[in-house]
Novice: 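Encoded as C-alpha cells, here's the structure I'll be asking about.
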Amino acid sequence: DELRELSFRSCDMDERDVDVMSSSLPLMDLRSLSLIDANVGNNDAWSYLFHNVGGSSGLTSLDLSRNVLDVDAIGRLGMALMAQKTISSLTLDNGTTLKLAACLRERAGLRSLDVSRNADMTDKVGVHLVELARVNTSIVILRADGCGLRRKTIDAIDGRLRYNDSFLR
C-alpha cells in the first residue's frame, strides 16, 4: 500500500514541520495534497514547499484554501505550477485567486480550478477568471459555488469553459 493523499486541516505548522513534509514530497508519489488553513508561518517555508511541489511528478490535486499567501509566495507557486505539469486541479481562496490568475495564464494542463466558498469574491475578480479561461484554454472546469459573482459573470465564465471543452478551439 502507498500513501496517495495527504491532508492537513486547521493546524499550525512550524518551519521544521513544513521542511520535513516538503522534503518528502518528491519521494512519496502523492496524487493529492491538501493544506487547508495550515498556518505555514513564513515565506521561506512556502517557498521550499512550492519548490518540492514542482518536483512531485505524480501530484494531480493541490488544495491551498484558507491560507494567506503574499505576493512572493504566489510567484513561487506560479513557478512551481509551470514546472509541475501533472496538477490538473487547484483549489484557492479569493485573494490568492486574483494574484495567481496572471501566473496561470500559460499553465497548460490545468483542467480544474476551484475558488468556491469565497463569499467576498466579486465580479472584480470574476473578470480575471473570465480572462484566465479565455487565455488558458486547457481549463474546462471552474467551480465558484458560494461566491459573490453576478449571473452575468457566471454566464461569461460558463461560455468560455464550454468553448474550451468543445471541438471548436
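Numbering of residues begins at 1 and proceeds along the displayed sequence.
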Novice: How long is the gap from CG on L64 to OG on S34, to the nearest 0.5 Å?
Specialist: 8.5 Å

Novice: Give a yes or no on whether L3 and F8 share a hydrophobic cluster (residues Ile, Leu, Val, Met, Phe, Trp, Tyr; joining criterion: side-chain heavy atoms under 4.5 Å apart).
Specialist: yes

Novice: Which residues pass the side-chain contact (heavy atoms from CB on, under 4.5 Å) test with M79, sequence neighbours left out?
Specialist: R76

Novice: Between CG of L25 and OG of S57, what distance do you get to the nearest 0.5 Å?
Specialist: 11.5 Å

Novice: When you compare the side chain of I157 with that of L149, does any pair of heavy atoms fall below 4.5 Å?
Specialist: yes

Novice: Who pairs with R151 by salt bridge (Lys or Arg N to Asp or Glu O under 4.0 Å), at least two apart in sequence or on another chain?
Specialist: D155

Novice: Which pairs with one or both residues in residues 39-67 pass salt bridge (charged side-chain N to carboxylate O under 4.0 Å, His left out), sequence neighbours excluded?
Specialist: none

Novice: How long is the straight-line distance from CG of L113 back to CD1 of I141, given to the nearest 0.5 Å?
Specialist: 10.5 Å

Novice: Only counting residues at least two apart or in another chain, list the ones meeting salt bridge (Lys or Arg N to Asp or Glu O under 4.0 Å) with R143.
Specialist: none

Novice: For R4, enumerate each residue passing the side-chain hydrogen bond (donor to acceptor under 3.5 Å, both in side chains) test, keeping only those at least two apart in sequence or located in another chain.
Specialist: E2, D29

Novice: Would a 4.5 Å heavy-atom cut-off, applied to side chains only, mark T91 and L62 as touching?
Specialist: no

Novice: Counting only N and O atoms by type, is there a donor-acceptor contact under 3.5 Å from the side chain of S138 to the main-chain atoms of L110?
Specialist: yes

Novice: Which residue is it: N52, V40, L49? I am looking for the one with a side-chain contact (heavy atoms from CB on, under 4.5 Å) to M21.
Specialist: L49

Novice: To the nearest 0.5 Å, how far apart are CE in M13 and CG in D37?
Specialist: 12.0 Å

Novice: Can you sort out the partners of E15 under salt bridge (Lys or Arg N to Asp or Glu O under 4.0 Å), two or more places apart, ordered by chain and number?
Specialist: none

Novice: Please list all pairs meeting ring-ring contact (aromatic ring centres under 6.0 Å, His included) that have one or both residues in residues 48-74, counting only residues at least two apart or in different chains.
Specialist: W46-F50

Novice: Mind checking what makes side-chain contact (heavy atoms from CB on, under 4.5 Å) contact with A133, not counting sequence neighbours?
Specialist: R160, L161, N164

Novice: Under the 3.5 angstrom rule, does the side chain of N67 hit a backbone N or O of L35 as a donor-acceptor pair?
Specialist: yes

Novice: Using the side-chain hydrogen bond (donor to acceptor under 3.5 Å, both in side chains) criterion, which residues pair with D12? Sequence neighbours excluded.
Specialist: N39

Novice: Taking C-beta and beyond as the side chain, do L6 and M28 meet within less than 4.5 Å on heavy atoms?
Specialist: yes

Novice: Excluding sequence neighbours, so at least two apart, what forms salt bridge (Lys or Arg N to Asp or Glu O under 4.0 Å) with D158?
Specialist: R162

Novice: How far apart are the closest heavy atoms of A144 and S116, and which atoms are they?
Specialist: N-OG, 3.7 Å

Novice: Examine distances only and state if a side-chain atom of S61 and a backbone atom of S32 form a donor-acceptor pair shorter than 3.5 Å.
Specialist: no

Novice: Okay, side chain of S22, backbone of V18: is any donor-acceptor separation there less than 3.5 Å?
Specialist: yes

Novice: Indicate, with yes or no, if V130 and V127 share a hydrophobic cluster defined by side-chain heavy-atom contacts under 4.5 Å among Ile, Leu, Val, Met, Phe, Trp and Tyr.
Specialist: no

Novice: Walk me through it: do T60 and I87 pass the test side chain to side chain contact (heavy atoms under 4.5 Å, CB included)?
Specialist: CA-CA 4 Å; T60 60; I87 291 180; over 6 Å; no

Novice: Using every non-hydrogen atom in the two residues, find where G126 and T153 come nearest and quote the distance to one decimal.
Specialist: CA-CG2, 3.7 Å

Novice: Are I154 and L129 linked, directly or through intermediate hydrophobic residues, by side-chain heavy-atom contacts shorter than 4.5 Å (ILVMFWY only)?
Specialist: yes

Novice: Is it true that L69 and I36 fall in one hydrophobic cluster, defined by side-chain heavy atoms closer than 4.5 Å?
Specialist: no

Novice: Please identify each residue that fulfils side-chain hydrogen bond (donor to acceptor under 3.5 Å, both in side chains) with S7, with sequence neighbours left out.
Specialist: R9

Novice: What residue pairs, at least two apart or across chains, pass salt bridge (charged side-chain N to carboxylate O under 4.0 Å, His left out) with a residue in residues 122-133?
Specialist: R105-E131, D123-R150, E131-R134

